[in-house]
Amino acid sequence: NAINCEEIYFALPDELVYTHVFRIEKHFEKELDEIIESECNKNIPLLFKELEISYLTIEEHKKSNEIKVVLAATFKKSLKDWQDFLPSLI
């Protein structure tokens, strides 16, 4: 039977997602896109161009002037496969 609802929340399986948490100094926030790419290249064993990336700044430390960044990445192909599959459930 098809799922009958207006919204569905879905998370990719853990084995398809890489996560990385790091801190940057607040004054580097304007360069965050470049820093994200650099952090991916250093910490995720996949090619950056093959990744779908999402990140969020979650914390700011006033005393140290740092921002905590949470980064999640998956293969673009894996995400596309799931995006193609999910509509079949509706």
Answer with yes or no whether the hydrophobic clustering places I24 together with I53; edges join I, L, V, M, F, W, Y residues whose side-chain heavy atoms lie under 4.5 Å apart. yes

Should F75 and L46 count as side-chain neighbours, where that means a heavy-atom distance under 4.5 Å? yes

Near K80 NZ, under 6.0 Å, is it more than 12 heavy atoms from other residues, nucleotides or ligands? no

Take a 6.0 Å sphere around CG of D14 and say whether it holds more than 12 heavy atoms from other residues, nucleotides or ligands. no

Single-linkage hydrophobic cluster, 4.5 Å side-chain cutoff, L56 and V21 together: yes

Taking the side chain as every heavy atom from C-beta outward, state whether L12 and S78 have any pair of such atoms under 4.5 Å apart. no

Do K68 and I58 come close enough that some side-chain heavy atom pair is under 4.5 Å? yes

Would F22 and V70 count as a side-chain contact (heavy atoms from CB on, under 4.5 Å) here? Give the steps. CA-CA 7 Å; F22 61 97; V70 176; over 6 Å; no

State yes or no: do F10 and L79 share one hydrophobic cluster built from I, L, V, M, F, W and Y residues joined by side-chain heavy-atom distances below 4.5 Å, directly or via other members? yes

Would you say the ring centers of H20 and Y18 fall short of 6.0 Å from each other? no

May I have the list of side-chain donor-acceptor pairs in residues 28-38 shorter than 3.5 Å, sequence neighbours left out?
residue, atom, partner, partner atom, Å
E29, OE1, K26, NZ, 3.0
D33, OD1, Y55, OH, 2.8

For L16, does its backbone N or O pair with a side-chain atom of T74 as donor and acceptor, under 3.5 Å? yes

May I ask you to test the K76-E50 pair for a side-chain heavy-atom distance under 4.5 Å? no

